[in-house]
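First up is the structure itself, then whatever we jot down about it.
Below, each value reflects all heavy atoms present in this structure, side chains not excepted, and no hydrogens, waters or symmetry copies. Owing to the predicted nature of the structure, the values given are computational and were not obtained by experimental measurement.
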Amino acid sequence: MSKKTKNKPKIYDLSSSITVNGQNKSSASSTKNGVKSSYNMDPYEQAAYNFAQKSFYENMPNVNVFSDETVKNLNNQVNAYLNQGINTIQNTYTPMIREMQNDIARRFGNVNNSIFMDNLNDIESKRAGAISDLAQNVEAKRNELVNNELANRYDYLNFLNGYQNQVYNNMLSMLGLNNNMLNTSNSHLNKNTASNNNSSNGLFNTLGDVMGLISSGKKLF
């Protein structure tokens, strides 16, 4: 009869690591209870990740709150836009009125006549329309500045959040790759061990059969 061999315990490759540019980025160790793995940030990556996390936490509650300094800055921009518009209107209509006055005075000797008043009223009407348009443009400019400020803040928060997610995804990817490498290594080790055991068992069985034949007095050939 052939001898029965006890199943040998599984063999484990105890550790695996991934090195990038000379730095150990991920380590994994194998035990009977499973695989334990870790991800190692370099000092700069850790500092950048901590900054992104801290900045996101600090800016999130105040994303829609404007400080006094921010309000002052926005008002200064609106006033600059308003003053530029007023100067444009003045530079456009004041020369027109002055030229009309001179023309009327040359032709009629004074500006106290109906032609001058009609032309003056026409210019004043156009200037009033320009002022009304300017007031609407100023309000639109104010809304534009506020929306741009909010958009910039949300873009910054999205950048911080995106960076944290990217680091986290890189970490998971590296850990997953390391675990797969270790599991593959262990699978090959145990597969080779099983193959060797089967070969040995086959040899033992053959010897047992030969000894049995000899003891029974049967001819081998």
Side-chain angles (χ1 to χ4, degrees), residues 5-81 84 140-201:
T5 58
K6 295 182 179 180
N7 292 331
K8 294 183 178 181
K10 289 186 177 182
I11 299 175
Y12 293 96
D13 189 356
L14 296 182
S15 64
S16 174
S17 64
I18 296 177
T19 301
V20 179
N21 294 331
Q23 184 198 3
N24 185 348
K25 296 296 295 182
S26 177
S27 301
S29 59
S30 181
T31 67
K32 295 181 180 180
N33 296 324
V35 176
K36 295 181 180 180
S37 55
S38 63
Y39 179 79
N40 307 312
M41 290 187 182
D42 62 54
Y44 299 106
E45 185 181 14
Q46 184 70 61
Y49 182 82
N50 290 344
F51 174 82
Q53 192 173 47
K54 182 173 182 292
S55 296
F56 186 88
Y57 173 78
E58 291 176 345
N59 285 276
M60 185 66 182
N62 299 317
V63 64
N64 293 323
V65 179
F66 288 177
S67 66
D68 292 340
E69 182 178 358
T70 300
V71 172
K72 180 180 179 181
N73 181 52
L74 293 176
N75 285 335
N76 287 340
Q77 294 183 65
V78 171
N79 290 333
Y81 181 83
Q84 182 180 6
K141 184 65 175 180
R142 185 187 301 277
N143 292 334
E144 177 188 347
L145 292 173
V146 170
N147 290 334
N148 286 342
E149 176 69 20
L150 290 174
N152 290 337
R153 293 183 177 194
Y154 278 100
D155 285 345
Y156 182 59
L157 287 179
N158 286 333
F159 165 75
L160 295 174
N161 187 53
Y163 177 77
Q164 293 179 80
N165 289 338
Q166 184 62 52
V167 172
Y168 184 70
N169 289 335
N170 290 343
M171 183 189 310
L172 293 180
S173 178
M174 191 74 71
L175 291 173
L177 177 61
N178 205 359
N179 290 349
N180 288 337
M181 290 172 57
L182 190 58
N183 289 332
T184 300
S185 177
N186 288 332
S187 176
H188 284 306
L189 282 174
N190 289 292
K191 182 178 180 181
N192 292 336
T193 300
S195 177
N196 292 336
N197 288 339
N198 290 334
S199 298
S200 299
N201 290 336

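- Scored by the side-chain contact (heavy atoms from CB on, under 4.5 Å) test, L145 finds L74, Q77, V78, K141 as partners (sequence neighbours excluded).
- The nearest pair of heavy atoms linking Y163 to E45 is OH-O, 4.0 Å.
- Note on residues 150-176: pairs passing salt bridge (charged side-chain N to carboxylate O under 4.0 Å, His left out), not counting sequence neighbours, are E149-R153.
- Closest approach of L160 and A52 over heavy atoms only: CD2-CA, 3.8 Å.
- Annotation: side chain of M60 is in contact with side chain of F56 (closest heavy-atom distance under 4.5 Å).
- Expressed to the nearest 0.5 Å, how far CG of N79 lies from CD of Q84 amounts to 12.5 Å.
- Between Y156 and the choices V63, N161, N59, the side chain to side chain contact (heavy atoms under 4.5 Å, CB included) rule is met once, by N59.
- Counting only N and O atoms by type, the side chains of Q166 and N170 include a donor and acceptor under 3.5 Å apart.
- Each side chain to side chain donor-acceptor pair (under 3.5 Å) pair with one or both residues in residues 62-73, not counting sequence neighbours, appears once here: N64-Y154, S67-T70.
- Rounded to the nearest 0.5 angstrom, K54 NZ and Y49 OH are separated by 15.0 Å.
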